[in-house]
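Before any comments, here is the structure.
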Amino acid sequence: MQMTRLLDTQGLEIFHEGHRTRLKWHRLRKRLTDPLFSAEVMAEGFATGASMELDLRVRADGGFVVLHDSELEGETTGHGPIAGTSLADLRKIRMKDGDRPLTLSEELAAMMQSSHPAALLQFDIKDDYEAIGVGGIAHLAQHFRDVSASVIVSAGSLELIVAVKEKLPHLLRGIDPTDKLYDIRQAGGWKAVETELRAGLSGPSEPDTVYLHWPLILAAAKDGLDMIGLCHDEGKRVDAWTFTLKDPEAGFSEDEWRSFSALMALKPDQITTDEAPATERAWRRRVAG
């Protein structure tokens, strides 16, 4: 049964009009019914060459744990801030979903030693550089210098991304200016958005990929600003996040199809989703008529 799952390559990408769009597994979920940050799903993704995303939080010793929230209560059986919790204590804590052990950065690095060459893992680091510091960067450098899968590091902290560039130049980098662009759009319109986006693309982080909220991409395109095309012109990839079917079995509703087909026409390099195989199936059904 396990081998059947590992050989299932659905939910990896969609090929449309000569362009490949990868389907990224959001928070290590191939399907929304998968447990959050599942090591089993991650192993499946490494075997099949998937693009996947996970969140990292710094712990007390400067290493990391795969979690989204800053406090342990939300996702685990533990209590208190993750940044103040020791490695020994984290080993005793379980995920609420499925009573599973937490995934630590050391174990993550070990899992990545034998993976499909197309596998891509996004480390979305939730703490800022002040919290992580030199020790956290050194930990990343020590454990992820020689992994076989490609790694892209994203964060809300520009200082952190620049530090990653300087200390771990072999890792790819991603930026997400979405929140700032929404604010700029409200205050100054689309021209101001374009100016800010161009500045980010040429900024000190030197990003490989730009993460943008898909409704923002479509709203801009409707008013004449092709954000994906702008990024492509600068040699950057675009990840449109997060498009998840409301009914995976039924496929696209008419509203979802209008949005998704309009998004695909703009040729994003990647779409983040919690329902990758269902999205691919729904696309095939629609284009087949």
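- A donor-acceptor distance shorter than 3.5 angstrom exists from the side chain of W25 to the backbone of G11, with no hydrogens or angles considered.
- Within 6.0 Å of atom CG in D146, 12 or fewer heavy atoms from other residues, nucleotides or ligands are found, so the atom counts as exposed in its surroundings.
- Of the candidates V164, L140, V58, V58 is the only one forming a side chain to side chain contact (heavy atoms under 4.5 Å, CB included) with I132.
- Annotation for A155 and L160: closest pair CB-CD2, 3.7 Å, computed over non-hydrogen atoms.
- The existence of a salt bridge linking E196 and K180 is confirmed by a sub-4.0 Å separation between a basic side-chain nitrogen and an acidic carboxylate oxygen.
- Using a distance-only test at 3.5 Å, with no hydrogens or angles considered, a donor-acceptor pair links the side chain of R286 to the main chain of F252.
- Formation of a donor-acceptor pair under 3.5 Å by the E256 side chain with backbone atoms of K246 is found in this model.
- Closest of all the heavy-atom pairs between A119 and F46 is CB-CD2, 4.1 Å.
- For the residue pair D128 / S157, no side-chain donor-acceptor distance below 3.5 Å is found, with atom types taken as modelled.
- Note on Y182: it clusters hydrophobically with L230, by side-chain heavy-atom contacts below 4.5 Å among ILVMFWY residues.
- For the atom pair NZ (K267) and CG (D226), the distance works out to 11.0 Å, reported to the nearest 0.5 Å.
- Hydrophobic clustering (side-chain heavy atoms under 4.5 Å, transitive across Ile, Leu, Val, Met, Phe, Trp, Tyr) groups L108 together with L36.
- No continuous path of ILVMFWY side-chain contacts below 4.5 Å connects I152 to L201, so the two sit in separate hydrophobic clusters.
- Listed for the S261 side chain is a donor-acceptor partner under 3.5 Å among the backbone atoms of W257.
- Remark: R94 CZ is packed, more than 12 non-hydrogen atoms of other residues, nucleotides or ligands lying under 6.0 Å away.
- In this structure, CG in L72 is found 4.5 Å from CD1 in I82, a value given to the nearest 0.5 Å.
- With a 4.5 Å cut-off on side-chain heavy atoms, D247 and S253 do not count as touching.
- Judged purely by distance below 3.5 Å, without hydrogens or angles, the side chains of Q122 and S154 pair a donor atom with an acceptor atom.
- Here the rule is side chain to side chain contact (heavy atoms under 4.5 Å, CB included) with R59, and of T85, D89, L87 only L87 fits it.
- Listed for the R57 side chain is a donor-acceptor partner under 3.5 Å among the backbone atoms of D69.
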Does the pair S51 and Q270 meet the rule for a side-chain hydrogen bond (donor to acceptor under 3.5 Å, both in side chains), with working shown? CA-CA 9 Å; S51 178; Q270 190 163 256; 2.5 Å; yes
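- Considering all non-hydrogen atoms of both residues, L245 and A282 come closest at CD1-CB, 4.2 Å.
- No side-chain donor-acceptor contact under 3.5 Å links H143 to the backbone of A110.
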Hey, mind stepping through M112 and L121 against side-chain contact (heavy atoms from CB on, under 4.5 Å) and telling me if it holds? CA-CA 9 Å; M112 297 177 70; L121 189 59; 3.8 Å; yes
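- Between D97 and P35 the shortest heavy-atom distance is OD2-CA, 3.2 Å.
- Residues L181 and L216 have side chains in contact (heavy-atom distance under 4.5 Å, counting atoms from C-beta outward).
- No side-chain heavy atom of C231 sits less than 4.5 Å from a side-chain heavy atom of T209.
- Ion pair D55/R27 flagged as a salt bridge, since at least one NZ, NE, NH1 or NH2 atom sits closer than 4.0 Å to an Asp/Glu carboxylate oxygen.
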Verdict with supporting geometry, L197 and M227, side-chain contact (heavy atoms from CB on, under 4.5 Å): CA-CA 8 Å; L197 180 56; M227 301 177 81; 4.0 Å; yes
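- At least one side-chain heavy atom of I271 sits under 4.5 Å from a side-chain heavy atom of M264.
- Side-chain contact, H139 with S105: a donor N or O sits under 3.5 Å from an acceptor N or O.
- Ring orientation note: the planes of F260 and F243 are nearly perpendicular, at an angle over 60° on the 30°/60° scale.
- Within the 3.5 Å criterion, the main-chain N or O of R31 finds a donor-acceptor partner in the side chain of D34.
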Could you walk me through whether K236 and E206 satisfy the salt bridge (charged side-chain N to carboxylate O under 4.0 Å, His left out) test, starting with their C-alpha distance in whole Å, then the side-chain angles of each, then the deciding distance to 0.1 Å, before giving a yes or no? CA-CA 9 Å; K236 313 299 183 183; E206 298 179 357; over 6 Å; no
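- Here CG of L158 is found 11.0 Å from CZ of R173. Values are rounded to the nearest 0.5 Å.
- The 12-atom threshold is not exceeded at CZ of R237, counting heavy atoms of other residues, nucleotides or ligands nearer than 6.0 Å.
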Please determine whether side-chain contact (heavy atoms from CB on, under 4.5 Å) holds for the pair L67 and T76, giving the CA-CA distance in whole Å, both sets of side-chain angles, and the decisive distance to 0.1 Å. CA-CA 9 Å; L67 289 170; T76 80; 3.7 Å; yes
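- With values rounded to the nearest 0.5 angstrom, I137 atom CD1 is found 6.0 Å from Y129 atom OH.
- Checked for salt-bridge contact, D269 and R22 miss the test: no charged N lies under 4.0 Å from a carboxylate O.
- Here F123 and F144 bring their ring centres to under 6.0 angstrom of each other.
- Remark: E44 does not engage R29 in a salt bridge, criterion side-chain N to carboxylate O under 4.0 Å.
- The heavy-atom pair separating L56 from D127 by the smallest distance is O-OD2, 4.2 Å.
- Aromatic ring pairs are classed by plane angle as parallel below 30°, tilted from 30° to 60° and perpendicular above 60°; the pair H16 and W283 is perpendicular.
- S202 and E234 form no side-chain donor-acceptor contact under 3.5 Å, judged by distance and modelled atom types alone.
- E280 and R285 are not joined by a salt bridge, as no carboxylate oxygen comes within less than 4.0 angstrom of a charged side-chain nitrogen.
- For residues 67-118, no pair satisfies ring-ring contact (aromatic ring centres under 6.0 Å, His included), with sequence neighbours left out.
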side-chain contact (heavy atoms from CB on, under 4.5 Å), that's the test. Do L54 and M42 meet it? Break it down for me. CA-CA 9 Å; L54 54 78; M42 182 162 55; 4.0 Å; yes
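- In this structure, a donor-acceptor pair under 3.5 Å is present between the side chains of D176 and W241.
- A pairwise comparison of heavy atoms in T273 and T242 identifies CA-CG2, 4.1 Å as the closest pair.
- With hydrogens and angles ignored, the 3.5 Å screen pairs a side-chain donor or acceptor of K165 with a backbone N or O of P204.
- Using a 4.5 Å cut-off on side-chain heavy atoms (C-beta onward), E194 and R198 make contact.
- The CG atom of L225 sits 10.5 Å away from the CD1 atom of I217 when rounded to the nearest 0.5 Å.
- Taking CD of E40 as the reference point, atom CG of L28 lies at 12.0 Å (rounded to 0.5 Å).
- Using modelled atom types, one side-chain atom of K96 and one backbone atom of E73 make a donor-acceptor pair closer than 3.5 Å.
- Side-chain atoms of T272 and D239 form a donor-acceptor pair, as typed in the model, at a separation below 3.5 Å.
- I14 and M52 fall into different hydrophobic clusters, defined by Ile, Leu, Val, Met, Phe, Trp and Tyr side-chain heavy atoms under 4.5 Å apart, directly or through other members.
- One hydrophobic cluster, built from ILVMFWY side chains closer than 4.5 Å, holds both L263 and V210.
- Side-chain N or O atoms of T21 include one that pairs as donor or acceptor with a backbone N or O of P268 at under 3.5 Å.
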